[in-house]
Amino acid sequence: DAGITQSPRYKITETGRQVTLMCHQTWSHSYMFWYRQDLGHGLRLIYYSAAADITDKGEVPDGYVVSRSKTENFPLTLESATRSQTSVYFCASIGPEDRLLREQYFGPGTRLTVT
Amino acid sequence: KNEVEQSPQNLTAQEGEFITINCSYSVGISALHWLQQHPGGGIVSLFMLSSGKKKHGRLIATINIQEKHSSLHITASHPRDSAVYICALPSQGGSEKLVFGKGTKLTVNP
């Protein structure tokens, strides 16, 4: 299916476990993003990537690791999950190459609960 | 870093009413996004605008670059418009990194 997908959609894990959230897009968009959404904070950028093998930190990167070996995939790993990482995670990518007017496309989200 | 203020936080309206949601920011930008988040959680982009006004059906978005302010209007509101509306804009200048307002939860009653 064309578009941007995330897996799993729901995940429950225990404190201290490693968790990887997957994001896949079929458009070959160069820019991809990971956000978390929490009550009272709204959406906040965790990491982003301008292209394969190019990643950079966002507003709240601590405790997360990303990689981008292929343009279409942008996995987010929680190396040792903490309760404060309980959140809804959204992946997004940027569309056409007009740099100033690029609409972001969001994945359906992953609801992660850390117990 | 750009600071985003969105208001109101919550809004309840009767079907048919005209709705306005406001977004103010602190640093000049190249473009501003209006997003809609449905009760099921999915986020879709409604508008991206850099100047003036854009219209899509009953939704109208305006931006005043000089005043650093944007508004989203919904004419003849309907219960299916019930959602969270979020403004987003570059954290600085023309950056692809976005900062987001905290959202406006709109409930339209029949």
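Computed from heavy atoms alone, side chains included, the values below leave out hydrogens, waters and symmetry copies. So you know, we letter chains A, B, ... as the sequences are listed, proteins then strands, and number each from 1.
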Task: More than 12 heavy atoms from other groups under 6.0 Å of CZ on A/Arg44 - done: yes
- [ ] Would you name the heavy atoms of B/His33 and A/Gln104 that are closest together and state the gap between them?
- [x] CE1-N, 4.2 Å
TODO: Could you state whether B/Val84 and A/Phe106 fall into the same hydrophobic cluster, counting links through intermediate Ile, Leu, Val, Met, Phe, Trp or Tyr residues with side-chain heavy atoms under 4.5 angstrom apart?
DONE: yes
Open item on the list: Assigning hydrophobic clusters by single linkage (Ile, Leu, Val, Met, Phe, Trp, Tyr; side-chain heavy-atom cutoff under 4.5 Å), is A/Tyr64 placed with A/Tyr48?
Closed with: no
Task: Joint cluster assignment, A/Trp27 & A/Met32, ILVMFWY side-chain distance < 4.5 Å - done: no
TODO: Go through the atoms of B/Gln9 and report whether side chain, backbone, both or neither lie under 4.5 Å from a heavy atom of chain A.
DONE: neither
Task: same_hphob_cluster(A/Val19, A/Val88) at 4.5 Å side-chain heavy-atom cutoff - done: no
Task: Minimal non-hydrogen separation, A/Lys57 against B/Lys97, with atom names - done: O-NZ, 3.8 Å
Open item on the list: Need one label for A/Leu43: side chain, backbone, both or neither, based on atoms under 4.5 Å from any heavy atom in chain B.
Closed with: both
Open item on the list: With a 4.5 Å cut-off on side-chain heavy-atom distances among I, L, V, M, F, W and Y, is there a chain of contacts connecting B/Tyr25 to B/Leu46?
Closed with: yes
Task: For chain A, the option from B/Ile86, B/Val44, B/Val99, B/Leu98 that forms the most heavy-atom pairs under 4.5 Å - done: B/Leu98
Open item on the list: Just so I understand: if I count every heavy-atom pair under 4.5 Å between each of A/Gly40, A/Gly58, A/Gly42, A/Ala92 and chain B, which residue has the most?
Closed with: A/Gly40
TODO: Give the minimum heavy-atom separation between B/Ser45 and A/Glu103, together with the two atoms involved.
DONE: OG-CG, 3.2 Å
